[in-house]
Amino acid sequence: MLFFSYFKDLVGQEVTVELKNDLAIRGTLHSVDQYLNIKLENTRVVDQDKFPHMLSVRNCFIRGSVVRYVQLPPDGVDVDLLHDAARREARGA
Amino acid sequence: MVVGLREFALRTGDGSPALDESSGEELMHVQPSVAVALGDRSVESPGTLYITSRKLIWLSDADVAKGYAVDFLSISLHAVSRDPQTYSSPCIYTQIEVVEDEDEEDEDEEESNGVLDLSKIREMRLVPSDSTQLDTLFDVFCECAELNPEPIEEEGEEENGHNWVFSADQMVVGGGGEEDAEWQISQSPTSVIGHSNGDESIAQPMLEINDQRFDDAEEMVHENETKDH
């Protein structure tokens, strides 16, 4: 549940979601659920030539299981905190 | 197994799709007068959209043998598309996760021999004639996606299934300090051969290789004799 909590704290920030099919979508994180399904607003596609149909989309729902990466704002991440929290969670503490 | 888009023509007496009630599938929403556009193909209409708790079904109103279905498990993304320059009518845009075939390189696989291969369709648009319904449809799609999370494998649930190493100090044997029992390499720390770092199912007595590929050539003739190495 660590990243669910983490993403909840990031709601309202700009992120770029890269899907497993290589599509990258930039937008404002609107909401996230326990499966890490993501809703983005004000979306724009990073590589427009590959997926021209996404140009007209402004808000979308992305299934958590197809996300490859979520690129975070560099000043929005406390790496050490996340590192420690992830380590604790993996140990089952 | 992820299937993707497929044909669907099972209808009940009143024209609605036959659902798999034994697995608890229920109808969530019906939207009449919806056209469907698969991939780059032109729009097909008229039809009715049935949204169940498991999948999306579009049934043609004109042709009772024609219909399509896709599981929510396969829908990677959905959105409302409103820009008239990108597509003539406001619609729900969806991307379908496709199982990639390793042998394929051709982008035009969809109609390589004249027959449409539905399982290769990666994008689908649903165009309701009532475009005020788009936001409702989007919300229903969200609900149904949430009803269909990835199935959990049996082993994956157990948090102890992973034996990740986080730092060098965890390799200390014999329990130096804060270690949990599962991290200890037991019995003979000087010999780790044959020990599997916790997962006993893959531990073997010693390196015993009974594969006849490693036999000397002359022994290959007498396959039934016991091997003595």
Side-chain angles (χ1 to χ4, degrees), chain A residues 1-2 4 16-28 30-70 80 82-93, chain B residues 2 37 39-40 72-98 100 107 122-125 134-135 138-152 158-167 170 178-180 182-183:
Chain A
M1 297 296 275
L2 168 67
F4 175 38
T16 298
V17 179
E18 183 178 320
L19 278 61
K20 290 178 184 173
N21 66 2
D22 298 340
L23 173 65
I25 307 170
R26 185 160 184 77
T28 309
H30 171 272
S31 56
V32 65
D33 70 8
Q34 55 172 319
Y35 307 112
L36 302 188
N37 292 324
I38 292 171
K39 277 193 198 174
L40 291 180
E41 287 183 329
N42 301 317
T43 59
R44 45 234 176 269
V45 178
V46 174
D47 184 358
Q48 289 177 356
D49 296 331
K50 213 170 161 184
F51 290 91
H53 311 288
M54 286 286 299
L55 274 177
S56 65
V57 166
R58 282 297 159 266
N59 306 326
C60 67
F61 173 104
I62 302 170
R63 192 180 166 81
S65 60
V66 305
V67 173
R68 178 188 290 152
Y69 299 127
V70 178
D80 292 330
L82 202 53
H83 187 187
D84 289 342
R87 185 189 290 183
R88 276 199 306 276
E89 166 135 326
R91 284 185 184 165
Chain B
V2 178
D40 290 332
F72 277 104
L73 279 175
S74 301
I75 298 182
S76 315
L77 175 162
H78 65 270
V80 173
S81 166
R82 289 190 204 271
D83 182 9
Q85 286 191 330
T86 310
Y87 197 74
S88 51
S89 323
C91 58
I92 298 278
Y93 168 82
T94 70
Q95 281 190 6
I96 298 170
E97 185 178 353
V98 168
E100 291 297 334
E107 281 293 306
R122 299 191 305 169
E123 296 167 301
M124 175 176 73
R125 282 192 188 74
L134 279 176
D135 290 328
F138 178 84
D139 289 339
V140 175
F141 274 55
C142 291
E143 264 183 68
C144 292
E146 287 161 26
L147 290 174
N148 288 277
E150 290 298 295
I152 300 171
E158 186 61 52
E159 285 301 310
N160 297 332
H162 288 296
N163 284 326
W164 293 96
V165 175
F166 297 93
S167 63
Q170 286 171 349
E178 45 150 2
E179 261 44 79
D180 300 325
E182 65 188 32
W183 286 105

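The shown structure was predicted, so the numbers you read here are calculated from the model rather than taken from an experiment.
Note on Ser76(B), Ala145(B), Ala79(B): by heavy-atom pairs under 4.5 Å with chain A, the leading option is Ser76(B).
In this structure, no portion of Lys20(A) lies under 4.5 Å from any heavy atom of chain B. Both the backbone and the side chain of Phe61(A) come within contact range of chain B, with heavy atoms under 4.5 Å apart. Only the side chain of Gln95(B) comes within contact range of chain A, with heavy atoms under 4.5 Å apart. Of the atoms belonging to Leu40(A), not a single heavy atom falls under 4.5 Å from chain B. Contact annotation for Asn59(A): only backbone heavy atoms (N, CA, C, O) come within less than 4.5 Å of a heavy atom of chain B. Neither the backbone nor the side chain of Ile38(A) has a heavy atom closer than 4.5 Å to any heavy atom of chain B. Only the side chain of Glu123(B) comes within contact range of chain A, with at least one heavy atom under 4.5 Å from a heavy atom of that chain. Within the 4.5 angstrom heavy-atom criterion, no atom of Phe141(B) approaches chain A.
Taking 4.5 Å as the limit, every side-chain heavy atom of Gln34(A) sits out of range of all side-chain heavy atoms of Glu146(B). Taking the side chain as every heavy atom from C-beta outward, Arg125(B) and His53(A) approach each other to under 4.5 Å. Between Met54(A) and Tyr93(B), the closest side-chain pair of non-hydrogen atoms falls below 4.5 Å.
Atom-to-atom distance recorded for Glu97(B):CD and Leu19(A):CG is 9.5 Å, nearest 0.5 angstrom. Once rounded to the nearest 0.5 Å, the distance linking CZ of Arg58(A) with CG of Asp83(B) reads 7.0 Å.
The number of heavy atoms from other shown groups lying within 6.0 Å of OH (Tyr69(A)) does not exceed 12.
Closest of all the heavy-atom pairs between Arg63(A) and Pro149(B) is NH2-C, 3.6 Å.
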Worked verdict on Val57(A) versus Leu77(B) for side-chain contact (heavy atoms from CB on, under 4.5 Å): CA-CA 11 Å; Val57(A) 166; Leu77(B) 175 162; 5.9 Å; no

